[in-house]
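Excluded from the calculations below are hydrogen atoms, water molecules and symmetry mates; all remaining heavy atoms, backbone and side chain alike, are included. In what follows, chains carry the letters A, B, and so on, assigned in the order in which the sequence lines appear, proteins first and then strands, with residues in each chain numbered from 1. All of these numbers come straight from a predicted model, not from anything done at the bench.
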Amino acid sequence: MGEFPKEIVPQSQKFFEQPTLELAKALLGCLLVKETDFGMAAGYIVETEAYIGPTDRAAHSYNNKRTGRTEIMFHRSGLVYTYLMHTHCLFNVVSGGEGNPEAVLVRALEPRFGIELMKSRREIKELTKLTDGPGKLTKSLGITMEDYGNSLTLPPLFIAKGFSPESISVGKRIGIDNSGEAKDYPWRYWITNNKFVSRHQKAEYVVKNE
DNA sequence: AGCAAGATTAGCT
DNA sequence: GCTAATCTTGCTA
């Protein structure tokens, strides 16, 4: 780990073993780090969504559906679940524990390290459009399907300790309108007033930290 | 082997 | 707000 700034401290396996809704909140403020041959890029997680497979119609693993794509969700918490959506790779943290297919989708980051590298990958200049969406952040960090199934406690792709947000907003998840009742579950979390979130939405409620 | 759908994005009206 | 782009997965035959 000598090549990383010393403030980058990976989260432990234990961190990923909390209940999925708790983990989705706890991930806010954490640093998502990706290392490649071109260098390291990282950003603070500012927006997440929880997917509780067995009973959540919006989840790929709804009704415990187990396919080549969802297989990793049935494994231990803290692994990488990446999948392709149209032309984009989306990044999720496996949760729920062995045999319980749940996950947290990371939807937006606040760029922190390797910003020039991110800009070159996206071919844009505006900082606020670099990682404000699930497909944008994977392209900026260089996350691909090669990361599928790897552990998030170790390089090249891992989650490190960050800061504790003052306030967390809670709302409905994005882009799942055809998922029946599940579309209204308040399982989207974002750091209140953060300008890097993927979309502005009215919060169902707000959680203040002391 | 064929096909429909999709946890998105960029660009245009 | 609306639509095209673009391609893999998973389901049906």
Figure out the CG/P separation between A:Leu105 and B:dA7, and round it to whole Å. 10 Å

Please determine whether the number of non-hydrogen atoms from other residues, nucleotides or ligands lying under 6.0 Å from atom CD of A:Glu98 exceeds 12. yes

Please indicate yes or no: is the ring centre of A:His88 less than 5.5 Å from the centre of the six-membered base ring of B:dT8, with the two planes inclined by under 30 degrees? no

By the 4.0 Å heavy-atom rule, please label A:Asn92 as base, sugar-phosphate, or nothing. base

As a test of reading the structure: which of C:dT8, C:dA5, B:dT9 is closest to the side chain of A:His86, going by heavy atoms? C:dA5

How would you label the contact of A:Arg57 with the nucleic acid (heavy atoms, under 4.0 Å): base, sugar-phosphate, or nothing? nothing

A:Thr67 side chain: which of C:dC11, B:dT8, C:dT8 is closest? C:dC11

How close or far is atom C1' of C:dC7 from atom CE of A:Met145, stated in whole angstroms? 13 Å

If I take atom CD1 in residue A:Ile72 and atom P in nucleotide C:dT9, what distance separates them, rounded to the nearest angstrom? 15 Å

What stems, by residue range, does DNA chain B take part in, given at least 3 consecutive Watson-Crick or G-U pairs under 3.5 Å? B:1-6 with C:7-12, B:8-12 with C:1-5

In whole angstrom, what separates A:Lys65's NZ from C:dT9's P? 13 Å

Closer than 4.0 angstrom, basic N to acidic O: yes or no for A:Lys183 and A:Asp177? no

Atom-pair distance (CZ on A:Arg69; P on C:dG10), nearest Å: 6 Å

With the stacking rule set at 5.5 Å and 30°, tell me whether A:Tyr83 counts as stacking on B:dA7. no

Please classify the nucleic acid contact of A:Arg107 as base, sugar-phosphate, or nothing, using heavy-atom distances under 4.0 Å. sugar-phosphate

Mind checking the CD1-CZ spacing from A:Ile174 to A:Arg199? Nearest 0.5 Å is all I need. 4.0 Å

Which is true for A:Ile176 with a 4.0 Å heavy-atom rule: it touches a base, it touches only sugar-phosphate, or it touches nothing? sugar-phosphate

Under the side-chain hydrogen bond (donor to acceptor under 3.5 Å, both in side chains) definition, can you give me all pairs with a residue in residues 111-124 of chain A, not counting sequence neighbours? A:Thr36-A:Arg121

Would you say A:Lys136 places a side-chain N or O within less than 4.0 Å of OP1 or OP2 belonging to B:dA10? yes

Earlier contact from the 5' end, DNA chain B, for A:Val104 and A:Arg122: A:Val104

Should A:Tyr205 and A:Ser169 count as side-chain neighbours, where that means a heavy-atom distance under 4.5 Å? no

Honestly, is A:Arg66 close enough over A:Phe74, meaning NZ or CZ under 6.0 Å from the six-membered ring centre and within 45° of the axis? yes

Residues in side chain to side chain donor-acceptor pair (under 3.5 Å) with A:Tyr51, at least two apart? A:Glu49

C:dT6, B:dA10, B:dA7: which one has an atom nearest the side-chain heavy atoms of A:Met85? B:dA7

Once you round it to whole Å, what is the distance between C1' of C:dT8 and OH of A:Tyr148? 13 Å

Report which part of the nucleic acid A:Lys139 touches: base, sugar-phosphate, or nothing (heavy-atom distance under 4.0 Å, all strands). nothing

Measure the distance from CG on A:Leu130 to C1' on B:dA10 and round it to the nearest whole Å. 15 Å

Going only through I, L, V, M, F, W and Y residues with side-chain contacts under 4.5 Å, is there a path from A:Val80 to A:Phe16? yes

Between A:Asp132 (CG) and B:dT8 (P), how many Å, whole number? 13 Å

